There are 2 protein chains.
Amino acid sequence: MTRRATSQDVADRAGVSRSAVSLVLNGRGAGNISAANQAAILAAARELDYRPNPVALSLRTQRSATIGVVTDAIATAGYAGRLLQGASERAAAHGYLLLVIDTQRDPSQEARAFDTLRDRQVDGFLFAAMSLRSYEPSPVGSGAPIVLANCFDPDDRVLGFVPDEIAGGAAAARHLVERGHRDIVLLAGTPDVVATHLREQGYLEVMAAAGLAVPPSVVGGWDIEQGHAAATHVLTTRDPLPTALICANDRAAAGAVLAAANLGLSVPGDLSVVGYDDDQNVAPTMVPALTTVRLPHREMGEAAMQALLDRMVEGADSPIAGRVLLDCPLVVRDSVAAPAPRPGR
Amino acid sequence: MTRRATSQDVADRAGVSRSAVSLVLNGRGAGNISAANQAAILAAARELDYRPNPVALSLRTQRSATIGVVTDAIATAGYAGRLLQGASERAAAHGYLLLVIDTQRDPSQEARAFDTLRDRQVDGFLFAAMSLRSYEPSPVGSGAPIVLANCFDPDDRVLGFVPDEIAGGAAAARHLVERGHRDIVLLAGTPDVVATHLREQGYLEVMAAAGLAVPPSVVGGWDIEQGHAAATHVLTTRDPLPTALICANDRAAAGAVLAAANLGLSVPGDLSVVGYDDDQNVAPTMVPALTTVRLPHREMGEAAMQALLDRMVEGADSPIAGRVLLDCPLVVRDSVAAPAPRPGR
DNA sequence: CTGAAAGCGCTTACAG
DNA sequence: CTGAAAGCGCTTACAG
């Protein structure tokens, strides 16, 4: 391969100065450069396949056309990669590339990540969390703007995009109520994550509005085994059995379905189950396919990146802040049915 | 925040020229700069928290301390994110950052990705595939060196790191044979992926070496539903039942376990099951926890990055090429037991 | 309408 | 032992 063409090369070929090629190629030719020379420059650039050197551009303009992404182990998180995907596509559409650093939840790495990225002259920061949490950004006001995805500033000085978990929990419960269920138990996630409480709140609101008694929730957890254990507990303990389970996430739901099978119960015949996340590795291909609430990972990535891009043109001092709630739509599949008529009623 | 210190700033503070600070800070002070000035420069740099501007450095040296990673939808792939993680850590340890572009398996995007990354002056390329496949790299010999992870050049002109799938398939079968199984059926993956055939080959070799008859394999697939369907097929069709199933991956294995439960069979009491991948979202928390073959995702990322880094110092013309096979270790958990004594024997 | 100059922040020959 | 100069590739005032 031969050396890449520089603006000097196209200037030489067009018989003009570098200034002229710069002006023309940046759309400022009109009124400055003669039509003949404009044409010559354009032709030369095309023939030489000239593209400005981004590094030189960076040095000159103090901008890099790259966004620094610091994450919370998101790269390891599986379906959460869709967040990065959404952010990446939106950035690419505007000519930006992503420099991503995964901090593995280590706060000291996090600080260094911001420094490293700032050194690299990134034009903006996106901080993305693996699972919904609060995040106190250190580098506020320290240069490039920052936007949060799947996390939020407790003081709302920074803009964050998060799932509307209360509505998500409510959607799950409402679907079951509408299908005729009256005895719905919640297999909650662990109390250390905020989503657990938000989803429970949504569930509780719907139960109250429907005038339904709330059976004791069970704290399960986020994986197959914990869903299995929690479901086994309620299915061997409750009499009569509840007709529906709302699970902490899709993996827990898979565990619950397996627990039901182990007890000779069929889903959704004997028991309806709804999951959470719409985990592509689980929900659509479970047997039965899981009715679930979708977490808007891709949307969070897209929206946060778009907000960041907007903010970068307006200047870092634009007054946007706070948190915006993204919809968690119900995805109806095959794990919910109307409850079987109960003998005792 | 105030402007970042430049080498001029430290030169001023130390009372020397920029050349001197450059020399000293790059370890070439000895014999060139007086001891007193060296000390002054070091002190000034520390006081000013001076770090050389990477962008200026890039322009000057024509290197960027960044590696371009182009992937095959790996960011969306879940556990495959560990590959990126391994690569990223190894790169960071050497002062390199990753610019990653996900091509979504679109060949035209792929070509553009390499161009974009080359423009950005990346010092090397890593191409990583979501699932094992062959890959014909276009940009060979076009500047920066390239190494492959989880894929291989059919002509072996480029170095690639891949899992030893034959050995992996063999390990699964051998484990079962050693536990006393003689009737082991393979629930294969789909024939479009090379790993399917490699794993089957390993399985076949072990069966032959043990002098065991090979029951017909079933082509299942890579997800829960397909594992469920394939397992249901063999468990309702075969008589006597096989005592063990080797599944295409952990999700298929989860489907198989669920199918067994639906049929009133227990794992591993009535049936042993082994998975593949060691998918962290499935294998360790299945009920029972899955005995499986681990895919060396992290190791592929690390090894490929290390090879790339080595290659970058030796020059892009170092003669390494071919493919190196990484170990797929068996992870023993709870889904395999000795076969129950069979009535008819 | 156009070119020569300065400058972004660095390093590396080159003179002294 | 040390500083002034050139140059990486670009853009933006500034003279003409």
Side-chain angles (χ1 to χ4, degrees), chain A residues 2-42 44-45 48-66 95 118-123 143, chain B residues 2-42 44-45 48-66 95 118-123 143:
Chain A
T2 162
R3 192 178 60 84
R4 264 275 296 285
T6 71
S7 74
Q8 183 62 263
D9 295 329
V10 352
D12 290 349
R13 185 177 188 104
V16 299
S17 72
R18 283 148 75 217
S19 326
V21 347
S22 174
L23 251 19
V24 170
L25 262 23
N26 288 307
R28 298 174 42 199
N32 284 320
I33 309 290
S34 68
N37 276 349
Q38 292 196 43
I41 288 168
L42 260 12
L48 263 22
D49 187 28
Y50 171 71
R51 282 159 304 167
N53 179 324
V55 174
L57 214 60
S58 257
L59 183 58
R60 171 69 231 229
T61 63
Q62 305 287 47
R63 336 196 75 243
S64 60
T66 115
R118 208 189 328 272
D119 276 7
R120 298 283 186 132
Q121 221 98 258
V122 298
D123 301 331
Chain B
T2 161
R3 190 179 60 84
R4 263 275 296 284
T6 71
S7 73
Q8 184 62 261
D9 294 329
V10 353
D12 290 349
R13 186 177 186 105
V16 299
S17 72
R18 283 150 73 218
S19 326
V21 345
S22 175
L23 251 20
V24 169
L25 264 22
N26 288 306
R28 298 174 42 201
N32 285 321
I33 310 289
S34 69
N37 276 349
Q38 291 196 45
I41 289 167
L42 260 11
L48 262 24
D49 187 26
Y50 171 71
R51 282 159 303 168
N53 180 323
V55 174
L57 215 59
S58 258
L59 183 58
R60 172 67 231 228
T61 63
Q62 305 287 46
R63 334 196 77 243
S64 60
T66 114
R118 209 188 325 272
D119 275 7
R120 297 285 186 130
Q121 221 97 259
V122 298
D123 300 331

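Here is the naming used below: chain letters follow the sequence lines, and residue numbers restart at 1 for every chain. It should be emphasised that the depicted structure is a prediction, and the values quoted were computed from it without experimental measurement.
- Applying the side-chain hydrogen bond (donor to acceptor under 3.5 Å, both in side chains) test to B:Arg13 and every residue at least two apart in sequence or in another chain returns B:Glu47.
- In this view, A:Thr66 and A:Ser64, A:Leu99, A:Val122, B:Arg120 satisfy the side chain to side chain contact (heavy atoms under 4.5 Å, CB included) rule, not counting sequence neighbours.
- Toward the 5' end of DNA chain D, the nearer of the two residues A:Arg51 and B:Gln38, judged by each one's closest nucleotide, is B:Gln38.
- Of all nucleotides in DNA chain C having an atom under 4.0 Å from a heavy atom of chain B, the first and last in 5' to 3' order are C:dG9 to C:dT12.
- Rounded to whole Å, the P atom of D:dG7 lies 16 Å from the corresponding atom of C:dA4.
- Summarising the geometry, atom CG belonging to A:Leu23 is positioned 8.5 Å from atom OG belonging to A:Ser17; distances are rounded to the nearest 0.5 Å.
- Of the residues near DNA chain C, A:Asn37 and A:Thr61, the one whose nearest nucleotide (by heavy atom distance) lies more toward the 5' end is A:Asn37.
- Nucleic acid contact for A:Asn32: base, since at least one base atom lies under 4.0 Å from a heavy atom of the residue.
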Between A:Thr6 and A:Asp9, does the side-chain contact (heavy atoms from CB on, under 4.5 Å) criterion hold? Intermediate values first, please.
CA-CA 5 Å; A:Thr6 71; A:Asp9 295 329; 3.5 Å; yes
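- Judged by distance alone, with hydrogens and angles left aside, the side-chain atoms of A:Arg4 form no donor-acceptor pair with the main-chain N or O of B:Asp119 at under 3.5 Å.
- Residues from residues 17-29 of chain B placing a heavy atom under 4.0 Å of any atom in DNA chain C, listed by number, are B:Arg18, B:Ser19, B:Ser22, B:Asn26, B:Arg28.
- Minimum interatomic distance between A:Val55 and B:Leu59 (heavy atoms only, all atoms of both residues): CG1-N, 3.6 Å.
- Residue A:Gln38 comes nearest to A:Val24 through the heavy atom pair CG-CG2, 4.0 Å, listed as atom of the first residue, atom of the second, then distance.
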Kindly express the pairing pattern of DNA chain C in dot-bracket notation, using | wherever a base pairs with another strand and counting only Watson-Crick or G-U pairs under 3.5 Å.
|||.||||||||.|||
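- For the P atom pair drawn from D:dC10 and C:dC1, the interatomic distance equals 26 Å after rounding to whole Å.
- Put simply, CG on A:Asn53 and CD on B:Gln62 are 7.0 Å apart, with the number rounded to the nearest 0.5 Å.
- Contact between A:Arg18 and A:Ser7 at its shortest, heavy atoms only, is CG-OG, 3.7 Å.
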Would you be so kind as to tabulate the donor-acceptor pairs closer than 3.5 Å made by side chains of residues 29-37 of chain B, with sequence neighbours excluded?
{"unit_1": "B:Asn32", "atom_1": "ND2", "unit_2": "B:Arg28", "atom_2": "O", "d": "3.0"}
{"unit_1": "B:Ser34", "atom_1": "OG", "unit_2": "B:Asn37", "atom_2": "N", "d": "3.3"}

